Amino acid sequence: MTGTGIGFGKTILIGEHFVVYGFPAIAAGLSQKTICRIENAAQFELADKRPETPGYKREKFEQQKKSHELIFAKLGIDPQKTPFRMTLEGDLVAASGVGASAADCVSVARALNEHFELGLNDDEINETGFEGEKGYHGTPSGIDNSVSTFGGTIWFRKGTPPLIERIRTDLKLYLVITNTGKTSDTQAVVGDVKKLREKKPEWFDGVLKQYERIATDGRRALETNDLKLLAQQMNGNHKLLQQITVSNSQLDQIVETATNSGALAAKMTGTGRGGLAIALCKNSDSAAKVASDIQKKLGFLTETTMISGR
Ligand code: MEV
C-alpha cells in the first residue's frame, strides 16, 4: 500500500498574532506545497527531503517528531505495529513564515488517510493538521493548517470549529516574498506577545481595536477589488506588528527597501523576528524590480508569486 498527500504553503496577508486572540485574519495558499509519500516498510522511517533554509529542519526536529506523534495518536495509528516509511518532499522551501509546519502536518494527514484508507474528509484532515501543529507550536490558532488544507484566500477566525470563509476577489496580488534566512520559534514569539499583553492589558486592547478595523477593511478591499485600500491595511498591519515587538531590524529593512523601490505595501508575515516579509506590487514588472533591489541591497533570497482570488 502507498499513500500520497499534499499541504499548501501559505502567506498571511493580514493578521498574524492578532488571530491568536480571536480576531479574524486573511491568509492565502501558495502554489508551492509539501508532498508526503507513505509506503510499507519493516520499521518506521522518516526521510525528510524538503528543500530548506539552512538549519531549519535541524532546529525543528524535536517539534516535528512530537507533531507526527500527535497526528498518529489522533488517527489511532501505531507505527511500531504497522510500520511505514514516510517521505517528505515537494517545492515548498521549509522556512519560518511560509507555513512549512502546517504543510508538513496536512500532507502527512492526507497521506496517512490514503495509506490506511481512513475516509477522512477535508474538515477532518484540517482537524488532524491542527493537532499536528500543536507539536510545532503549542497553541496554534489554526490559520496555517486551514489554509494549507483548503488553499485559496481565506478569512479565518479561530474557534471550535474555526470560521473559514473563502474570500473572492478579482485582484491579482503580485507578491515578493523575502526570506531573512533566520528560523523563528513560533511558540516562543507567541509566548512573548502573551506576556506583553499581560503586562500592558489596556494598551494591548487598544492595539487590538485598531487591528480589528484593519482586518475588516482588508477583507472589504479584496471583495471590492481595491488594491490601494488593501495596501493601506497591510502597511497598517506591519506597524501594529512592530508595536507588539514581533518585527525586527531585518524585516523592517526589507519593508523599507521594498517601499522605496515602489511596492504598494510591505509587511512581515507569519511569526516574525526572522522568517519572511511580503511586498505587494502593482504588477509583475514592479515585483521584479522590488525583488532585485532587495537582493542587491540586502542580500536576501526573494521569490515572486501571484495570488488570484477566484
Ligand atoms: C504563524 O504563522 C501565525 C501566528 O499567528 C501563530 C498562529 O496563528 O498560531 C504567529
Side-chain angles (χ1 to χ4, degrees), residues 7-30 32 34 53 56 59-60 63-64 66-67 70 92-106 126-127 129-151 153-164 175 177 179-180 182-197 204 207-208 211-212 214-215 218 234 237-238 240-248 251 267-278:
F8 295 111
K10 67 98 213 295
T11 192
I12 298 184
L13 296 171
I14 290 178
E16 47 280 277
H17 290 285
F18 301 109
V19 70
V20 170
Y21 299 95
F23 286 81
I26 301 171
L30 301 174
Q32 289 90 340
T34 293
T53 281
Y56 176 92
E59 280 185 52
K60 300 278 177 180
Q63 294 182 357
Q64 184 191 41
K66 197 164 155 201
S67 158
L70 286 169
L92 180 71
V93 177
S96 292
V98 78
S101 61
D104 170 354
C105 297
V106 169
N126 192 25
E127 274 168 36
F130 180 59
E131 193 62 24
E133 275 278 85
K134 292 180 188 165
Y136 273 106
H137 52 107
T139 54
S141 66
I143 188 169
D144 290 4
N145 48 278
S146 298
V147 75
S148 183
T149 302
F150 296 106
T153 301
I154 62 164
W155 173 258
F156 176 91
R157 191 194 284 266
K158 82 171 192 181
T160 327
L163 172 75
I164 304 166
L175 296 180
I177 303 179
N179 187 348
T180 63
K182 187 170 183 288
T183 297
S184 43
D185 183 340
T186 305
Q187 197 162 356
V189 182
V190 168
D192 283 353
V193 175
K194 194 162 164 247
K195 280 187 213 136
L196 181 65
R197 187 193 192 198
F204 201 92
V207 175
L208 288 174
Y211 170 70
E212 196 167 18
I214 286 182
M234 289 172 68
N237 189 186
H238 184 72
L240 296 185
L241 290 163
Q242 284 176 317
Q243 288 183 33
I244 63 167
T245 77
V246 295
S247 190
N248 69 3
L251 291 163
K267 66 179 278 288
M268 54 155 275
T269 184
T271 299
R273 298 208 185 144
L276 308 186
I278 50 173

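Throughout, numbering of the chain's residues begins at 1 and tracks the sequence. All ligand and atom numbering here is 1-based and tracks the order in the structure. Everything numeric in this text was worked out from a predicted model, so none of it was measured.
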- Check: Q63 main-chain N/O paired with S67 side-chain donor or acceptor under 3.5 Å: no
- Message: For ligand 1, which is the ligand I care about here, please tell me if T139 has any N or O atom under 3.5 Å from one of the ligand's N or O atoms.
- Response: no
- Note on the structure: Per side-chain contact (heavy atoms from CB on, under 4.5 Å), T269 is matched among E16, H238, M234 by E16
- Query: Backbone N or O of G99 within a donor-acceptor pair of the D144 side chain at under 3.5 Å?
  - Reply: no
- Short N or O distance, T186 and ligand 1, threshold 3.5 Å exclusive: no
- May I ask you to identify the nearest protein heavy atom to atom 5 (O) of ligand 1, giving residue, atom name and distance to one decimal place in Å? H17 N, 2.9 Å
- Message: Out of the candidates D192, D185, N248, T180, only one should pair with R273 under the side-chain hydrogen bond (donor to acceptor under 3.5 Å, both in side chains) rule; please name it.
- Response: D192
- To the nearest 0.1 Å, how far is atom 3 (C) of ligand 1 from its closest protein heavy atom, and which atom is that? I12 CD1, 3.9 Å
- To which of G142, S141, S101 does the heavy atom nearest atom 8 (O) of ligand 1 belong? S141
- Task: For I143, counting its heavy atoms only, list the atoms of ligand 1 lying under 4.0 Å from any of them.
- Result: 8 (O)
- Query: Are the side chains of V98 and V93 in touch, meaning some heavy atoms are under 4.5 Å apart?
  - Reply: no
- Note on the structure: A student checking ligand 1 against H137 at a 4.0 Å heavy-atom cut-off should list atoms 9 (O)
- Query: Can you find a heavy atom in the side chain of F204 that is under 4.5 Å from one in the side chain of Y21?
  - Reply: yes
- Query: Considering only heavy atoms of E16, which atoms of ligand 1 have at least one such atom less than 4.0 Å away?
  - Reply: 5 (O)
- What atoms in ligand 1 come closer than 4.0 Å to a heavy atom of V19? 5 (O), 8 (O)
- Item | Donor-acceptor contact below 3.5 Å, side chain K60 vs main chain S96 | no
- Decide whether the shortest distance between a heavy atom of E133 and an atom of ligand 1 is less than 4.0 Å. no
- Query: Would you say the side-chain atoms of D104 and T34 include a donor-acceptor pair closer than 3.5 Å?
  - Reply: no
- When you look for heavy atoms under 4.0 Å from ligand 1, do you find them on the side chain of K134, its backbone, both, or neither? neither
- Message: Distance under 4.0 Å to a non-hydrogen atom of D144: what atoms of ligand 1 satisfy this?
- Response: 1 (C), 2 (O)
